[in-house]
Amino acid sequence: MQDLHFLRLWDIYSPLLTETQREVTNLYFNCDLSLSEIAEQKGCSRQSVSDCLNTCRKQLEEYDAKLHFDRTLTELSLAHSFLLTDVGKAAEEFPQEYREKLQAICNRDYAQEAAKAIEAQADTLL
């Protein structure tokens with residue numbers, strides 16, 4: 001369970017780690033290599049790999065304590081889920097034609113439109 005929390009933080013904050021830290025954490029968590037295997041690949045000791053992982057965990061926790069992106073993303077995801085649930089319940093009272101339209105809207109992936117909007121407004125949004 002702790003590893004899942006770390007991976008969530010890693011997904012959010014890994015760009016803030018050094019290249020070596022990203023590589024070691026990626027090999028350990030995403031490639032499922034042991035400390036010994038990573039140490040062999042990197043030409044260092046198991047202890048240095050372990051120290052690197054512990055340092056990364058601490059850094060990622062500190063980043064999140066200051067920036068709160070993990071909590072914000074979780075809250076947004078839950079709010080989105082609750083919204084879709086409520087819309088679905090309310091739509092049960094609509095005529096079939098409107099329910100289908102509403103369902104299509106709720107199921108639509110807006111990621112590409114959002115990315116385009118961000119790109120178009122990058123200078124004012126960022």
When rounded to the nearest 0.5 angstrom, what is the spacing between [atom1] in [X] and [atom2] in [Y]?
| X | Y | atom1 | atom2 | answer |
| --- | --- | --- | --- | --- |
| Thr74 | Arg8 | OG1 | CZ | 4.0 Å |
| Arg22 | Cys52 | CZ | SG | 11.5 Å |
| His80 | Thr85 | NE2 | OG1 | 10.0 Å |
| Glu23 | Thr25 | CD | OG1 | 9.0 Å |

Problem - Residues clustering with Leu102 (ILVMFWY side chains joined when closer than 4.5 Å, directly or via others) - result: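 Leu83, Val87, Phe94, Tyr98, all in the cluster of Leu102.
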Donor-acceptor pair, [X] side chain versus [Y] backbone, under 3.5 Å?
| X | Y | answer |
| --- | --- | --- |
| Tyr13 | Phe69 | yes |
| Asn54 | Ser50 | yes |
| Ser81 | Ser77 | no |
| Asp64 | Asp70 | yes |

Practice task
Walk me through it: do Glu97 and Lys101 pass the test salt bridge (Lys or Arg N to Asp or Glu O under 4.0 Å)?
Solution key: CA-CA 6 Å; Glu97 172 188 353; Lys101 287 181 181 180; 3.6 Å; yes
Exercise for the section: Might you point out which heavy atoms bring Ile38 and Val24 nearest each other, and give the distance in Å? Expected result: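 So the two residues come closest at CD1-O, 3.9 Å.
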Practice task
Identify the heavy atoms of Glu92 and Arg99 that sit nearest to each other, and give their distance.
Solution key: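 Result for this residue pair: O-NH1, 3.4 Å.
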Exercise for the section: Give a yes or no on whether Phe82 atom CZ has more than 12 heavy-atom contacts from other residues, nucleotides or ligands under 6.0 Å away. Expected result: no
Handout entry: Heavy atoms of other groups near Gln103 CD, more than 12 under 6.0 Å
Key = no
Handout entry: Pairwise side-chain contact, Asn30 with Leu7, heavy-atom cut-off 4.5 Å (strictly under)
Key =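 Side-chain contact under 4.5 Å: yes.
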Problem - Any side-chain donor near an acceptor of the partner, His68 and Glu75, under 3.5 Å - result: no
Exercise for the section: Please check if any side-chain donor atom of Glu37 sits under 3.5 Å from a side-chain acceptor atom of Gln41, or the reverse. Expected result: no
Pair up each side-chain donor or acceptor in residues 14-21 with any protein partner under 3.5 Å, not counting sequence neighbours, and list the distances.
| residue | atom | partner | partner atom | Å |
| --- | --- | --- | --- | --- |
| Ser14 | OG | Trp10 | O | 3.0 |
| Thr18 | OG1 | Gln21 | N | 3.1 |
| Thr18 | OG1 | Gln21 | OE1 | 3.3 |
| Gln21 | OE1 | Thr18 | N | 2.9 |
| Gln21 | NE2 | Gln59 | OE1 | 2.7 |

Handout entry: Identified side chain to side chain contact (heavy atoms under 4.5 Å, CB included) counterpart of Arg57 within the set Leu60, Thr55, Leu53
Key =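 Of the listed residues Leu60, Thr55, Leu53, the side chain to side chain contact (heavy atoms under 4.5 Å, CB included) partner of Arg57 is Leu53.
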Practice task
Mind telling me whether Phe29 and Phe6 have parallel, tilted or perpendicular rings, with 30° and 60° as the class edges?
Solution key: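 Tilted: the ring planes of Phe6 and Phe29 meet at 30° to 60°.
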